[in-house]
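Note that these values count all heavy atoms, side chains included, but never hydrogens, waters or copies made by symmetry. Small disclaimer: the values here were computed from a predicted structure and weren't measured.
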Amino acid sequence: MSGTPGAVNAVNAETAGRQVEEVLDRLAASGDPAVCEAAEELVRVLMEFYGAGLARVLDLVERAADASAALGALLGDDLVASLLVLHGLHPEDARTRIARALDSLPQPVENAGFDPATGALRLRPAGSGGCGCGGTGGVEEAAREALACFAPEVTSVEMEAPAREPALLQIGTAPPGAGTGGRSSADAR
């Protein structure tokens, strides 16, 4: 995933959401309901304003000469994609956004099933796991972070155990002299 260089990369949907919640909680703790209501209204108005602006950006991009490349660049940017999802403007469905998030992970995983009713996503390691000594905790955490941006519908990630590969049965020719009573095949004639 790409982002705009500089300080902008430090902002993501999860962090921004937490910061807004913290500020609203501090205002609620002040005990003044009018201040709390005004703050919540301010957040709603700003969300509508930014949502309308993003909708306009998407509309203008779709009209551009190379709309596909421009839209791809927007959808591939973590910050922009999370804003589009937040405002319900992301043009891709949840299944496609989940796949996009999983494609960004450092180790390949397979989507073993998503339950939209519960928000649970089951994953399994894809391909060969090598020696099998590596844990899945890092992959699971990376998946949670990527999904928070692209598919907030996913509320839990469960990593399934990798499928056991069948034991390797090696079939080959017998060593020289085996099966001939210790004699070479030339002596057996």
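- Contact of the Glu158 side chain with the Leu123 side chain is not registered, since no non-hydrogen atoms from C-beta on lie closer than 4.5 Å.
- Under the side chain to side chain donor-acceptor pair (under 3.5 Å) criterion, the residue pairs touching residues 53-65 are Asp59-Arg63, with sequence neighbours excluded.
- If you take CD on Glu153 and CG on Asp115, they are separated by 12.5 Å, rounding to the nearest 0.5 Å.
- The CG atom of Leu54 sits 9.5 Å away from the CE atom of Met47 when rounded to the nearest 0.5 Å.
- To the nearest 0.5 angstrom, Ile98 atom CD1 is 13.0 Å from Arg100 atom CZ.
- Considering every non-hydrogen atom in both Gly31 and Pro33, the closest pair reads O-CD, 3.1 Å.
- The side chain to side chain donor-acceptor pair (under 3.5 Å) check on Asp32 picks up nothing, with sequence neighbours excluded.
- Ion pairing between Arg144 and Glu140 holds under the 4.0 Å rule for side-chain N and carboxylate O.
- Between Phe150 and Leu75 the shortest heavy-atom distance is CE2-O, 3.4 Å.
- Looking at Arg124, its side chain never comes within 3.5 Å of a backbone N or O of Ala112 through a donor-acceptor pair.
- No path of Ile, Leu, Val, Met, Phe, Trp and Tyr side chains, each step under 4.5 Å between heavy atoms, connects Val61 with Val85, placing them in separate hydrophobic clusters.
- Put simply, CD on Glu22 and CZ on Arg26 are 7.0 Å apart, with the number rounded to the nearest 0.5 Å.
- Distance OG1/Thr155 to CG/Leu121: 9.5 Å, rounded to 0.5 Å.
- By the criterion of side-chain heavy atoms lying less than 4.5 angstrom apart, applied directly or through intervening Ile, Leu, Val, Met, Phe, Trp or Tyr residues, Val23 is grouped together with Val35 in one hydrophobic cluster.
- In terms of heavy atoms, Cys36 sits closest to Leu24 at SG-O, 4.4 Å.
- Cluster annotation: Tyr50 is not connected to Val80 through the hydrophobic network of ILVMFWY side chains, with a link wherever side-chain heavy atoms come within less than 4.5 Å.
- Classification of Arg97 and Glu92 as a salt-bridged pair fails, no side-chain N sitting under 4.0 Å from a carboxylate O.
- Nearest heavy atom pair, residue Ser104 against residue Ala146, reads OG-CB, 3.7 Å.
- Across all their heavy atoms, Ala143 and Val157 have their closest contact at CB-CG1, 4.5 Å.
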